[in-house]
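Note: hydrogens, waters and symmetry copies are ignored here, and every other heavy atom, side chains too, is used.
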Amino acid sequence: MATSWVNSAERIGSDLHLELTGPGGRRAALIRALREAVRSGRLAPGTRLPPYRSLAADLGVARNTVADAYAELVAEGWLTARQGSGTRVAERAEPLRPAARVPRKAPARARGPRHDLTQGTPDTSSFPRTAWLASYRRALQQAPNEVFGPGDPAGRTELREALTEYLARARGVRTEPGRIVICSGFAHALRLLFGGGVLRGPLAVEAYGLGFHREVLAAAGVRTVPLPLDEHGARVDRLGRERAVLLTPAHQFPTGGPLHPARRAAVIDWARARGGLVLEDDYDGEFRYDRKPVGAVQGLDPEHAIHIGSVSKSLSPAVRLGWMVLPERYVDAVLAVKGDREAWASVLDQLSLADFVVCGAYDRHVRRMRQRYRGRRDRLLSALAEHAPHIEATGIAAGLHAVLRLPPGTEASTVKAAAWQGMALDGLAAFRHPDTDMAAGDGLVVGYATPSEHAYGPALEALCRALPPP
């Protein structure tokens with residue numbers, strides 16, 4: 001049965017009801033009751049509380065129970081106690097004033113587009129759950145005890161060793177485990193390099209690229225200088241006084257062409273002459289469909305290029321893992337920026353990815369997705385040939401997106417028409433650097449990897465309906 005106490009108006013100036021109920025015994029119940037009385041304003045600041053003996057007698061509890069409750073509330077700042085003045089409610093203990101109650105509504109469920117052809121996302125339904133779970137279990141079972149302590153800011157040795165072998169074999173990267181630093185993705189790499197002061201601007205970038213990356217750089221105080229593009233990739237001959245350049249040489253994003261071999265050599269010569277750097281964003285380098293993927297620029301000169309990759313396109317953006325392959329002179333500086341403890345990339349995910357690579361599951365997954373995305377691209381071209389032969393898909397047979405060239409002046413209206421069809425996709429202008437005078441023309445950036453297999457056909461039909469007539 002609950003124990004209650006009602007004090008008289010003469011004693012503390014108001015009627016006070018204390019209900020000693022709930023878990024933890026009477027001491028805990030008394031503490032909760034007094035806190036609530038102060039919060040609600042029933043005990044106003046400055047109010048003098050009864051002596052231990054009186055309150056204990058009224059409540060039928062031991063004197064020590066009241067003394068301990070008072071002492072804890074004094075320590076927490078709810079009450080004050082001074083010799084000769086007794087125990088009072090603290091002057092700063094403001095009651096909680098109830099706000100006007102607004103009826104709560106169930107949150108509206110956001111409705112996504114019926115057809116999603118935005119770029120940058122792999123087919124999420126294709127994530128290799130069974131193989132990943134097997135790698136995770138093996139990694140967990142074989143992990144030494146020290147794995148469950150603070151992480152190494154460079155990343156787990158097991159993953160760096162696996163990446164050294166894989167990147168050499170698949171991307172032509174020349175490195176060793178000690179020159180690889182694990183991060184959580186490309187944007188994190190930029191924050192470490194520029195936000196941490198390892199590199200400084202200005203930075204030359206391609207005239208068309210991801211605005212999000214430019215925002216990350218701007219937040220770090222880096223001015224970006226756009227390089228024009230043509231059919232051979234970035235015009236590296238236009239590099240000025242910059243000390244670094246950011247490129248997507250395997251598959252320019254978003255226009256879709258590779259960097260010409262002569263320009264690959266030229267940009268490395270520029271970096272050597274200026275003591276500069278080439279930052280290589282290898283965002284979808286594994287996905288070339290008409291030939292073997294072109295090797296990394298970093299392989300031409302590992303001391304003048306930083307190769308940055310991740311699994312966001314090849315596996316899933318939910319696996320927050322990427323890597324920087326650094327010139328030796330930058331390794332310590334990057335690790336100093338990261339700090340003594342790895343705070344970004346889960347150690348267990350690193351070990352899982354290491355196993356996933358070493359056991360061959362990563363190669364098998366990439367081969368499977370390469371075939372699937374090649375089929376997606378072929379279906380897109382077939383649909384255009386049948387329903388919109390006047391629309392050309394440009395760029396090499398690679399990656400997770402294609403650019404559709406539109407008649408001049410039709411891009412904005414086509415994006416709007418696509419929205420009317422319940423479709424999400426991007427216009428080419430959305431990726432244009434605000435300071436460039438280059439215009440790549442009207443176009444759509446179609447992410448053919450994004451939909452699941454069963455949703456891709458309807459998405460293509462909606463796309464063809466939205467395209468402008470000849």
Side-chain angles (χ1 to χ4, degrees), residues 1-110 136-137 139-141 143-151 153 184 318 320 339-349 351:
M1 179 179 292
T3 303
S4 65
W5 169 67
V6 184
N7 64 290
S8 67
E10 292 79 16
R11 190 174 282 172
I12 61 172
S14 64
D15 290 337
L16 179 65
H17 296 260
L18 297 179
E19 297 291 336
L20 271 56
T21 59
R26 292 191 169 187
R27 173 184 173 277
L30 179 58
I31 291 171
R32 286 195 298 271
L34 287 170
R35 282 199 199 109
E36 179 55 32
V38 175
R39 284 194 191 104
S40 66
R42 289 186 291 128
L43 277 179
T47 301
R48 182 172 179 173
L49 298 185
Y52 304 156
R53 291 178 185 272
S54 301
L55 185 54
D58 286 342
L59 295 176
V61 299
R63 177 187 173 192
N64 286 344
T65 299
V66 178
D68 289 347
Y70 278 12
E72 181 159 334
L73 292 170
V74 168
E76 292 177 358
W78 295 96
L79 306 178
T80 60
R82 291 187 178 86
Q83 188 71 28
S85 181
T87 304
R88 296 178 180 272
V89 177
E91 291 292 342
R92 63 180 174 277
E94 290 291 328
L96 182 65
R97 292 177 174 81
R101 292 188 63 83
V102 178
R104 292 190 61 186
K105 296 181 179 179
R109 201 166 197 175
Y136 191 91
R137 283 174 170 165
L140 191 62
Q141 289 168 350
N145 291 336
E146 50 94 7
V147 160
F148 301 97
S184 64
R320 301 302 305 149
D340 293 334
R341 297 193 179 193
E342 173 55 67
W344 296 90
S346 162
V347 169
L348 293 179
D349 283 346
L351 292 175

> Between V89 and L79, is a side-chain contact (heavy atoms from CB on, under 4.5 Å) present by the stated rule, with each step listed?
Replying inline: CA-CA 4 Å; V89 177; L79 306 178; 4.2 Å; yes
> When you measure from the side chain of R26 to the backbone N and O of A62, does any donor-acceptor pair fall under 3.5 Å?
Replying inline: no
> Checking R63 side chain against R53 main chain: does a donor-acceptor pair fall under 3.5 Å?
Replying inline: no
Locate the shortest heavy-atom distance separating [X] from [Y]; write the atom from each residue and the value.
X	Y	result
I31	L73	CG2-CD2, 3.8 Å
G151	V347	CA-CG2, 4.3 Å
S184	R320	O-NH2, 2.9 Å
A90	P45	O-CB, 3.5 Å

>> The test is side-chain contact (heavy atoms from CB on, under 4.5 Å); show your working for L351 and V147 and say whether it passes.
In response: CA-CA 9 Å; L351 292 175; V147 160; 3.7 Å; yes
Which distance, rounded to the nearest 0.5 Å, do you find between the [atom1] of [X] and the [atom2] of [Y]?
X	Y	atom1	atom2	result
T65	L30	OG1	CG	8.0 Å
T87	L55	OG1	CG	10.5 Å
T47	R88	OG1	CZ	8.5 Å

> ring-ring contact (aromatic ring centres under 6.0 Å, His included): which pairs involve residues 41-64, sequence neighbours left out?
Replying inline: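 Found Y52-Y70.
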